[in-house]
There are 2 protein chains.
Amino acid sequence: MSTAELPDTQRVNPGTATAAQGRVIAAALDLFARHGVGGTSLQMIADELGVTKAAVYRQYKTKEQIALAVADAELARMEATIDDAEEEQSWAGARERLLINMVNLAVERRQTVGVILMDPGIARLAPKNASFRRVMGRMRRLLLGNEPGPDGAVRTAMVIAAISGAAVHPLAFDLDDDTLRAQLLPLAKRFLDLT
Amino acid sequence: MSTAELPDTQRVNPGTATAAQGRVIAAALDLFARHGVGGTSLQMIADELGVTKAAVYRQYKTKEQIALAVADAELARMEATIDDAEEEQSWAGARERLLINMVNLAVERRQTVGVILMDPGIARLAPKNASFRRVMGRMRRLLLGNEPGPDGAVRTAMVIAAISGAAVHPLAFDLDDDTLRAQLLPLAKRFLDLT
DNA sequence: GTCTATAGCTCGATAGAC
DNA sequence: GTCTATCGAGCTATAGAC
């Protein structure tokens, strides 16, 4: 499979995130995951970075821009796993690799994954966002081929929700990463009838 | 199956929620779903009810107590669907009815379901909460029998996450309730090998 | 059980020096 | 790019009258 080359304006990250902005995003992501977007103040972000609020405002003009940048970064992480999977030659191989990548991403970042994209403020914007729709469309095509209609949409949503949701779920709280990974992958595969 | 009688202290709702408290909970749930817990102020809840903040504080002494009461009410709703399912005579029947109830609950309350229990502040408390653990344990037993170990925990978490997560997912945003229900139920069944 | 009024604080955001 | 200092608004929570 060939990685489709997209015009720069369509890519998730236009490639202009400075190092300072990256630190803000990382700190904000962590705090958003612990307290929610609405429960996180700019003062908390500044404290986490060891700077003042004014220094944070130098990087992003509003709190909303920070939230959007964080969501964008998360989306870019997901798209990177799609790019990686599409390097496989066969569709079956790409599909399997995407599942592996999704499971790894969900487990490695249990505390943060989805928290941003699930946030009410962000989630309301998601369906109309071009980047989000593109990423979801690529995932769906990789997971299900070109199976059309609502069935495909719901199945894709269920696989994504099952993997990332189960990783965050309190029921999986006690499990160590390796065990969780070992359980998630075969179950996700079976859901897609890969086994 | 017999509905296990539990001592009152172990039940989710000790049964002492006044009508006024119920109105606060309903308004708060709606606002939490739209703006997140941290993004909802007591002023917003009071406005939604057409009263002043002081009137709300008469029902609950802190905002945190409101959030906990809302989470408790959501949990009680889930437990009610378990009680209903356990009225079936056979385990297979109870399992099927629980799945139907879960799908219906998730679809009917797409906008609100999970939003509370997913909130970082609430979710952090969940694993240690006795009511939460009891509800999850009952679900797991109904869905999987007594299948032990981490496999059972992860499978239970995946089913729950898949159903409620897919219902909220932007990919399912355009679908009407009937279509969504019709897609969710068979897929959830298949995931549990019921078909 | 609802109101007005207010205390005390933190919020997001800006101005301007270095 | 970081700081201090500040603004006005909004926040949680309380006091006390009706």
Could you state the atom-to-atom distance from NZ of Lys61(A) to P of dT14(C) in whole Å?
9 Å

Applying the salt bridge (Lys or Arg N to Asp or Glu O under 4.0 Å) test to Glu86(B), which of Arg95(B), Arg97(B), Arg138(B) qualifies?
Arg138(B)

Whole-Å distance separating the NE2 atom of His35(A) from the C1' atom of dT10(C)
15 Å

Specify the separation, in whole Å, of atom CD1 of Ile66(A) and atom C1' of dC11(C).
13 Å

Would you jot down, in residue-number order, the residues of residues 37-49 of chain A having a non-hydrogen atom under 4.0 Å from DNA chain C?
Thr40(A), Ser41(A), Leu42(A), Gln43(A)

Under a 4.5 Å cut-off applied to non-hydrogen side-chain atoms, are Leu75(B) and Glu79(B) in contact?
no

If you count every heavy atom of other residues, nucleotides or ligands that lies below 6.0 Å from Gln65(A) atom CD, does the total exceed 12?
yes

Could you check whether any side-chain heavy atom of Arg155(A) comes within less than 4.5 Å of a side-chain heavy atom of Leu187(B), counting everything from C-beta outward?
yes

Please give, in whole Å, the distance from dT14(D) P to Tyr60(B) OH?
17 Å

Hey, is the side chain of Thr52(B) poking within less than 4.0 Å of OP1 or OP2 on dT2(C), counting only N and O atoms?
no

Residue pair Lys53(A)/Arg58(B) against DNA chain D: nearer the 5' end by closest nucleotide is Lys53(A)

The side chain of Tyr57(B) lies closest to which of these nucleotides: dT12(D), dA13(C), dT2(C)?
dT12(D)

Between Thr179(B) and Asp176(B), do the side chains contain an N or O donor and an N or O acceptor separated by less than 3.5 Å?
yes

Against the side chain of Ala55(A), the closest entry in dT4(C), dT2(D), dA13(C) is dT2(D)

Choosing from dA13(C), dT2(C), dC3(D), which nucleotide comes nearest the side chain of Lys63(A)?
dA13(C)

Measuring from atom CE of Met102(A) to atom OG1 of Thr81(A), what distance do you get when rounded to the nearest 0.5 angstrom?
7.5 Å

